[in-house]
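Just below is one structure, and these are the notes that go with it.
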Amino acid sequence: MERTQLVEAARGDRPLDIAITNAQLVNVFTCEAYPADIGIYGDRIAVVGPAGAYKLKAKQIIDGTGKWAAPGFVDTHLHIESTMVTPASYAAGVLPFGTTTSVIDPHEIGNVLGMDGIRYMIEGSNGLPLRVYIAISSCVPAVPGKETSGANFGPSEVTEMLTWPRVISVAEVMDYKAVINGSSKMLGIVQAGLEANVVIQGHSPLLVGRDLNAYLAAGVENDHELRQGEEGLEKLRLGILPLLKVNSHGNHVPRILPTLKQAPFLDIALCTDDVEPADLLENGHMDRVIREMIAHDIDPIVAIRWATLNGARHYHLRDHGAIAPGYYADIVLLSSLEKVKTNDVLVGGKMVVQNEKLIVAIEEPPTTLAVEDTVRVQHPLTADSFRLNAPASSGQIKVNLLVLDKARPTRMETTSVWLNGADVTPA
C-alpha cells in the first residue's frame, strides 16, 4: 500500500476501512490509558484521536466500549519447536492470547537438519496471520564435541543465512565461554551479525564481572537467561536488555524483578522462550508473562509496553509495537486490563480472533523440506543398551548426577553410593 493513500485516510479525504470507537487506548509511548478512536486503512493505522473528536467514517465500526485497545504482543525470543507443532499451528495457538509478533530461534531443528531446517521454518511461516521473524542459530551444535548433531554452523553459514527473508537477529549466543575465551568461530559468528547490522541475542546465566564485560564487548545486546536479581541489575547497568520470561520450564521473575526495580529507570522486554502445548492452552502465552509482571506491582500499561514497544524497537521493527499513525494495525482488544484478558485480535487490520475464538483458517504454507531418517542409530538397541553397569557388585563407588535446580543452570555433581548386591543406598 502506498503511504499516499494512508495519508489521505488520516486527513479524512479517503474513507477508513475500520474504525474502533470509544475504546480505552493503551498508549505505550506515555504509559497512560484514555478514551480514543482508532481509524484503520488497509493494514495500517491511519488516525488516532480522542473519542468522538474526529467523527471517523469507515466501512466497518467496531464498538470498543468497555474494552482496552493495546498493541499486539511481541514475543522477543522463543523456539516454535518447543510447542511441538508447525509454525502455522503455533500461530493458531498463540493468536487468541494476543501475540501477534514472534522472534523465533529455530536451533532445535537446525541442530537436526542444518540450514535446511532453518529454511523450513522460514517457508513454514510465510503468509501467516502472525508476524514471524527469524534469529539465525549461533550454536549448532550447542555443545561442540559432546553431541552428534546433524549440522555445524560457522561464520560462513551464519553469514549466508543472515541474508534470508525476515532474518533480524543472531540467535542466543549460548557458548558464552567460547566468546569470553576468544574463540575464532564464535567471535566470527557474532561479527557476522554485527556486519549485517542485526541484533545479537545473549544467553549467559549467572555471568557477572570481568567475564560479563568481555561477553558484552563482543557485541551481545540482550539476555533471556537471568537467574538472580544482582546479576540482572549488573547486566541492566551494563546496557543489556533483559528479556524476562515465564514458560513451561519455570519462572525466575520473583528472584529477579524485585532487585531490578531498585534502578530508577527500567528498560525491559518480555519473552516466552519455551512453552509446551498443554501449558500454552491452559495458562496462555505472552499474556501470562504480562500478568506475572503485574503480580510484581508493575503497572499494567508499563508491563504491556515491555511486551510490545520495547521489544519491537530493540529489533528495529519499524511500525510494530504501538497504536499510532503509520503503525501496523496489530491490535488486541482486552476485556480486562488487570487480567490481560484478550477478547479480539486484529493483525494487519484484519480480525483474526473474535470473542476469544480464532475466526480465520490458517493453512500450512508450502515448504521444500523432505523430512526422513533424521535419527541415526549407530548400533542396534536392546534393553541392555540402557543399563548402567556398576564397576563392582558391592562396596562404595562414586557416581555422577545431573542436578536440576530452578535457580541455576543444570549442573553435574559427584556423590557416593554403597552397593550391596541389588540394593543401592546413599553413602
Is it the case that over 12 heavy atoms from other parts of the model lie below 6.0 angstrom from the [atom1] atom of [X]?
| X | atom1 | result |
| --- | --- | --- |
| Lys185 | NZ | yes |
| Asn197 | CG | no |
| Lys339 | NZ | no |
| Arg166 | CZ | yes |
| Arg11 | CZ | yes |

Report yes or no: does [X] contribute a side-chain atom to a donor-acceptor pair with the main-chain N or O of [Y] at less than 3.5 Å?
| X | Y | value |
| --- | --- | --- |
| Lys261 | His296 | yes |
| Asp37 | Gly52 | yes |
| Asp75 | Thr272 | yes |

Cationic N near anionic O, under 4.0 Å, [X] to [Y]:
| X | Y | answer |
| --- | --- | --- |
| Arg288 | Glu292 | no |
| Asp344 | Lys67 | yes |
| Asp267 | Arg313 | no |
| Arg3 | Asp319 | yes |

Between [Y] and [X], is there a side-chain donor-acceptor contact under 3.5 Å, judged purely by atom types and distance?
| X | Y | result |
| --- | --- | --- |
| Asn247 | His249 | no |
| Thr99 | His285 | yes |
| Ser82 | Asp274 | yes |
| Tyr328 | Thr100 | no |

The single option from His224, His77, Glu172, Glu221 passing side-chain hydrogen bond (donor to acceptor under 3.5 Å, both in side chains) against Gln201: His77
Would you give the length of the straight line joining atom [atom1] of [X] to atom [atom2] of [Y], rounded to the nearest 0.5 angstrom?
| X | Y | atom1 | atom2 | result |
| --- | --- | --- | --- | --- |
| Asp116 | Met121 | CG | CE | 14.0 Å |
| Leu56 | Ile18 | CG | CD1 | 12.5 Å |
| Ser137 | Glu157 | OG | CD | 12.5 Å |

With side-chain contact (heavy atoms from CB on, under 4.5 Å) as the test, would you mind laying out the steps for Ile61 and Thr21 before giving the verdict? CA-CA 7 Å; Ile61 303 293; Thr21 61; 4.0 Å; yes
Side chains of Pro242 and Lys235: does their closest heavy-atom pair fall under 4.5 Å? no
Minimum heavy-atom distance Ala36-Leu25, with the two atoms named: CB-CB, 3.7 Å
